[in-house]
Structure formats: structure tokens, C-alpha cells
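First the structure, in the form of C-alpha cells, and then the observations on it.
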Amino acid sequence: MSGNITIKKIMRKPTLFRKLFPKFLILSLTGFLALLYLGRYHFKNFYHDEKTLHLKNMATVLKKPVLGYIKVKDIKKLRGFIDQRARESQQRISVILIDGRVIADSSKNPDLLDDHGKRPEVIEALKGNVARIRRFSDSLNEDSIYVAVPLFDNGKVLAVLRHSYTTHALRPALWSYTYKVFWGTMILGVLFTILLTLTSKRVSSSLYRIQEKASDYALGNFSESIPVNSNDTFEINSLVHSLNEMAKKLGSLFKKIQGQRNEREAIFSGMSEGVLSVYMDGGIFHLNEAVCNFFDVPYSHDYKGVPLLDVFDNNQIYYFIDQVKEQSSVIEEEIELRNGKYLQVHGSILKQFNGDDLGILMVFNDITRIVKLENHRKDFVANVSHELRTPLTSIHGYVDILLAGEIDSDETRNEFLLIIKRNSERLRQITEDLLALSELDIERDQKSVQIELTELAPIIENAASACEAKAKHKEINLKVDSKGDALVSVNSRLIEQAVLNLIDNAIKYSDEKTNISITLRPNEVEKTISIVVADQGPGISKVHLERIFERFYSVDKAR
């Protein structure tokens with residue numbers, strides 16, 4: 001799902017064409033305007049240079065005749081000559097004396113013109129230099145190009161021959177040039193745009209094809225490689241080959257990692273010990289199902305990074321973690337849970353490759369059975385000690401009295417001897433019980449209990465027969481119902497002993513002239529047979545039911 005969201009986010013971003021086209025368009029327009037500006041600039045300079053050179057050549061050709069007219073002071077012929085040459089060359093020609101007075105001009109009446117001695121081109125020419133200047137003409141009221149040539153006589157400047165050309169003819173030529181360049185550039189721009197569009201579309205198509213497969217790679221699907229297109233560029237084909245190689249190696253690596261993770265999870269899941277690790281900041285790093293079962297927490301893989309307090313509500317764990325952090329060593333401790341379980345926990349620091357602390361590792365072992373067995377052992381020792389101490393104390397007391405010779409009556413002596421006999425019988429019974437229990441423990445540990453396919457009816461009848469005399473003494477009726485009997489795999493001796501104990505207790509705690517039934521109840525659904533000994537005695541209180549099978553446990557605390 002997250003992969004699809006990521007792809008949608010990517011798709012909302014601009015495509016390669018939409019991203020590159022505006023930039024290329026702006027760049028192209030900027031280049032076009034710069035090219036047009038530079039073209040116009042160089043065209044104008046070229047135009048001016050050509051006109052200036054033409055004016056300079058004309059002035060060079062005309063300066064000798066003009067100088068001749070000035071020497072003879074034939075101003076009329078000079079003006080006629082100037083007018084004729086100006087019409088032929090379509091230029092404005094002026095002759096200016098060193099005092100600034102215009103004696104001939106092809107465009108204006110010389111007599112009406114003001115002093116030209118302060119004109120920059122005239123000033124430069126009077127210094128003996130050929131002057132070239134472009135400026136606004138006050139006389140013609142437009143921009144003009146001036147070339148002023150000094151006329152020398154015996155090494156001295158006698159006058160200035162000035163040729164000028166207005167720039168009004170430049171505008172049509174300049175616009176004609178601009179028009180041609182504009183449309184030429186527009187055609188090239190359209191062709192460039194089409195080429196850019198096709199190229200961008202092709203590149204985008206190739207990149208989109210790569211992106212689709214890369215999205216599959218991001219989702220962990222490395223089964224299919226990116227197809228290679230012969231029409232793609234060298235760079236894209238190189239990228240495709242590199243991605244395919246990367247996908248192949250990542251697929252192999254991911255498969256290996258997945259296998260290792262599955263093996264690790266299988267090991268952790270199969271462990272009876274609970275494993276819990278947390279980061280140094282208290283977030284859960286890893287856990288297995290066993291530790292969740294210990295603490296009655298639902299097992300989930302989504303706990304990674306979740307604060308421990310949000311999952312395990314147990315202050316003993318936090319205290320234990322603090323101890324591990326403080327001591328920075330392996331610590332062992334026992335904790336008791338609210339659900340009655342006892343856990344043994346080992347804790348140690350997890351280290352990173354660079355030696356820094358990564359977190360805390362805790363391994364939990366369920367020792368509830370061991371603790372309960374230990375408690376049962378203590379109770380067993382206490383019960384057996386009490387059971388042994390009572391008859392021994394009684395025997396010791398009565399023997400002391402008899403040995404003291406203070407009893408003269410045979411009847412009393414016999415009564416004391418009967419008490420001693422009963423207590424010794426009690427000691428013998430306790431000893432036999434202990435031996436029987438010890439024998440059972442040995443057989444269980446060595447797995448030497450003999451199991452045979454046996455009928456239960458004879459076993460039940462033998463146990464009932466053994467208790468018949470005791471039952472008749474209390475006028476109790478024993479009734480055995482063994483209908484529906486079947487062959488079962490049991491140890492005959494142990495089953496008979498168990499049934500005998502049940503019947504004996506039933507007789508012991510039943511009132512006289514009552515009934516005791518011993519019944520076999522087969523369960524066809526569960527494929528089992530129950531042996532039920534039912535009496536009419538007072539029964540056992542519920543508070544003792546969970547402990548009645550503990551060794552030497554006695555409901556009567558006075559014993």
C-alpha cells in the first residue's frame with residue numbers, strides 16, 4: 001500500500017517534458033533575443049563602417065578639385081561642382097573654411113548656415129586629421145554620419161571638405177534584416193521545439209518504463225528485469241543494465257536475508273524461553289511469542305519501536321532494565337507476575353559493530369513449576385515431619401511410662417501397648433507410603449513403569465474385595481458396576497492401588513449403613529474410560545480440591 005502511495009506522489013510531480021520544455025523555451029527565446037540584438041548591432045556597425053569608408057573615398061577623390069576652386073576663389077563654380085557631385089552620390093557635401101564659415105553645401109544655403117567651426121568633426125579635421133563622427137544634425141534634424149577631410153595648401157589646412165550621410169536609409173535595411181532573422185529563427189525554433197518534444201517524449205517513455213520496474217523493485221519484486229530498447233541512448237541503456245544487475249544482486253541478497261530472518265523467526269518461535277530486547281531509549285527491538293504468552297500480551301510483529309510501557313505493564317521489567325544499564329553485565333533475577341507465573345530472567349547489553357550500546361536483551365524462563373515443586377517439597381517435608389513426629393512422640397511417651405514401672409494394672413498396660421502398636425502401625429504405613437512414592441519417582445524418572453493391555457473390571461473387583469471386610473464392619477454396601485468394560489493400556493498394580501486408596505478413603509469418611517459405588521464410565525467421543533468412586537460422605541471443601549493430590553497433604557490440620 002505504501003508503495004502505491006509513493007508512486008502516486010511521484011506521478012503528481014512534473015514530467016521531464018514539462019520540466020525541461022519551459023527552460024529550453026526561455027533559453028531559446030533569450031538566445032534568440034540576444035542573437036537578434038547582436039545581429040542588429042553588428043549590422044549597424046557594418047553599415048556605418050561601409051558608409052564611412054565610402055564617404056572617406058569620395059572625399060579623397062573630391063579634395064583636389066575643391067582645393068583648386070578655393071585657391072582661385074571661384075565660389076560659384078565650387079558650389080555647382082559640389083551640388084553635382086552630391087546628386088550623383090546622394091550625399092551631403094560641405095566645404096568649411098578654417099574660420100568656421102560654410103562656403104558650399106549641397107543640402108542647405110551656405111549663406112543661411114551658422115558657424116560650423118565648433119562642430120566636432122570640423123575641429124578634428126582642422127587639426128589635420130581625418131574625422132569620422134556619427135551625431136544628430138541640427139541642420140537636417142536627424143542622425144547623420146560625418147567624414148571630415150582636411151584640405152592642405154603648403155602644409156597648412158586651408159579648408160575642410162565634409163561628406164555626410166543621413167541614417168534614415170538604415171532603418172528599412174535594419175528592419176528588413178530583423179524581419180528575415182526573426183522568421184528564420186522562428187522556423188528554427190519550431191523545428192527545435194518539435195525535435196525537443198519528440199526527444200523528451202522518447203526519453204520520458206524510456207524513463208517511465210524504468211520507473212515502473214524500479215517501483216516493482218521498491219516493493220521487493222525482482223523477478224522481472226527492465227527490457228532493453230535498442231532505440232534508447234547509450235546513457236539510458238547503461239542505466240537499464242546497471243539497474244538490472246542491481247535488481248539481480250538485491251533479489252539474491254533479499255532472498256538470503258529473508259531466509260535468515262525466517263530461520264531466526266522459526267528459532268525464536270520454537271523457543272520455550274521468552275526473548276525480549278529493547279533499545280536504549282526504551283523502544284521494543286524484538287520479541288517472540290513465548291514472552292507475550294508469559295505476560296498475557298497479544299503477539300504482533302508491529303511492536304518494533306513501540307515504547308515498552310505501552311505493551312508490557314510490569315514495573316519489574318523496568319527496574320530490571322535499569323539494573324542491567326547500571327551494572328553493564330549479565331544479571332539474573334526472578335520475578336512474579338500478576339497471573340501467578342514465576343519467571344527467571346537473564347539480562348545483558350546488546351552491542352553494535354562499533355562497540356556502542358544498542359539495547360538490552362532479556363531471556364525469560366518459566367520456572368513456575370519449579371517454584372511450585374519447591375513449595376510442595378517444603379510442605380511435603382513439613383507434613384511428613386508432622387506425620388512422623390506424632391506417632392513417635394506418642395510411642396516414646398508411653399514406653400517411658402511402661403519402663404518407669406508405674407503401671408500396675410494389666411488392663412492399662414495392655415491399653416498402652418495397643419496405643420504403641422497403632423502408632424507403630426502408623427509409622428509402618430507412612431514408611432511404606434514413602435517407599436512407594438520413592439519407587440514411583442524412580443520408575444517415572446527411568447521410564448520403567450510397565451504398561452500392559454489389561455481389562456479394568458478384574459482390577460476394580462480385586463480392589464473392592466480387598467476393602468470388603470472394612471466395609472462390612474461399618475455395614476457399608478459396596479456396589480461395583482463394570483458394564484461396558486474394554487481393554488486399556490495401564491499398569492495394573494498402580495491402578496489397583498489408586499482405586500484401593502479411593503475406596504478406603506470413601507469407607508473411612510462415610511457414615512455407617514451407606515452406599516459406595518464403583519463405576520466404569522466409557523466416553524465414546526473422547527475414547528476414554530473413567531473410574532468413579534462415589535460415596536455419601538461429607539466430601540472435600542473446594543479450597544482443598546487443588547491440593548488433595550499433594551504428597552502427605554492433610555485436610556485435618558490437627559494430624
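Index from 1, following the sequence. Owing to the predicted nature of the structure, the values given are computational and were not obtained by experimental measurement. Hydrogens, waters and symmetry mates are skipped; everything else that's a heavy atom, side chains included, is used.
- When every heavy atom of Met280 is checked against every heavy atom of Gly359, the shortest pair comes out as SD-CA, 3.5 Å.
- More than 12 heavy atoms of other residues, nucleotides or ligands sit less than 6.0 Å from atom CD of Gln352.
- The heavy-atom pair separating Leu500 from Ala463 by the smallest distance is CD1-O, 3.6 Å.
- Screening Ile367, Leu337, Val363 against Leu343 for a side chain to side chain contact (heavy atoms under 4.5 Å, CB included) leaves a single residue, Leu337.
- Taking each heavy atom of Asn365 and Glu273 in turn, the nearest pair found is OD1-CG, 2.7 Å.
- Interatomic distance, NZ of Lys474 versus NZ of Lys508, reported as 10.0 Å (0.5 Å rounding).
- Salt bridge annotation for Lys341-Asp366: absent, with no cationic side-chain nitrogen under 4.0 angstrom from a carboxylate oxygen.
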**Step-by-step side-chain contact (heavy atoms from CB on, under 4.5 Å) determination, Ile419 to Arg422** = CA-CA 5 Å; Ile419 293 174; Arg422 285 198 301 270; 3.3 Å; yes

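- Around NZ of Lys325, the count of heavy atoms belonging to other residues, nucleotides or ligands within 6.0 Å exceeds 12.
- Taking CG of Asn491 as the reference point, atom CD of Glu496 lies at 10.5 Å (rounded to 0.5 Å).
- Shortest non-hydrogen contact noted between Tyr303 and Ile284 is O-CB, 3.4 Å.
- In this structure, CD1 on Ile476 lies 8.5 Å from CG on Asp535, to the nearest 0.5 angstrom.
- Phe364 approaches Ile335 most closely through the heavy-atom pair CE2-CD1, 4.2 Å.
- Put simply, OG on Ser510 and CG on Asn505 are 9.5 Å apart, with the number rounded to the nearest 0.5 Å.
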**Message:** What verdict does the side chain to side chain donor-acceptor pair (under 3.5 Å) test give for Ser394 and Asn423, after you've listed the backbone C-alpha separation in whole Å, the side-chain angles of each residue and the deciding distance to 0.1 Å?
**Reply:** CA-CA 7 Å; Ser394 179; Asn423 282 283; 3.1 Å; yes

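- Checked by atom type and distance alone, the side chain of Asn462 never pairs as donor or acceptor with a backbone atom of Ser465 at under 3.5 Å.
- A distance-only check finds a donor-acceptor pair linking the side chain of Ser277 to the backbone of His286 [under 3.5 Å].
- More than 12 heavy atoms of other residues, nucleotides or ligands sit less than 6.0 Å from atom OH of Tyr318.
- In this structure, Glu512 CD and His473 NE2 are separated by 7.5 Å, a value rounded to the nearest 0.5 Å.
- Interatomic distance, OG1 of Thr519 versus CD1 of Ile529, reported as 13.0 Å (0.5 Å rounding).
- More than 12 heavy-atom neighbours from other residues, nucleotides or ligands sit within 6.0 angstrom of NZ on Lys304.
- Crowding of Lys470 atom NZ: a count of heavy atoms from other residues, nucleotides or ligands under 6.0 Å exceeding 12.
- Ring geometry, Phe295 versus Phe312: the interplanar angle exceeds 60°, so the pair is classed perpendicular (tilted spans 30 to 60°).
- A donor-acceptor pair under 3.5 Å is absent between the side-chain atoms of Asp322 and the main chain of Ile317, judged by distance alone.
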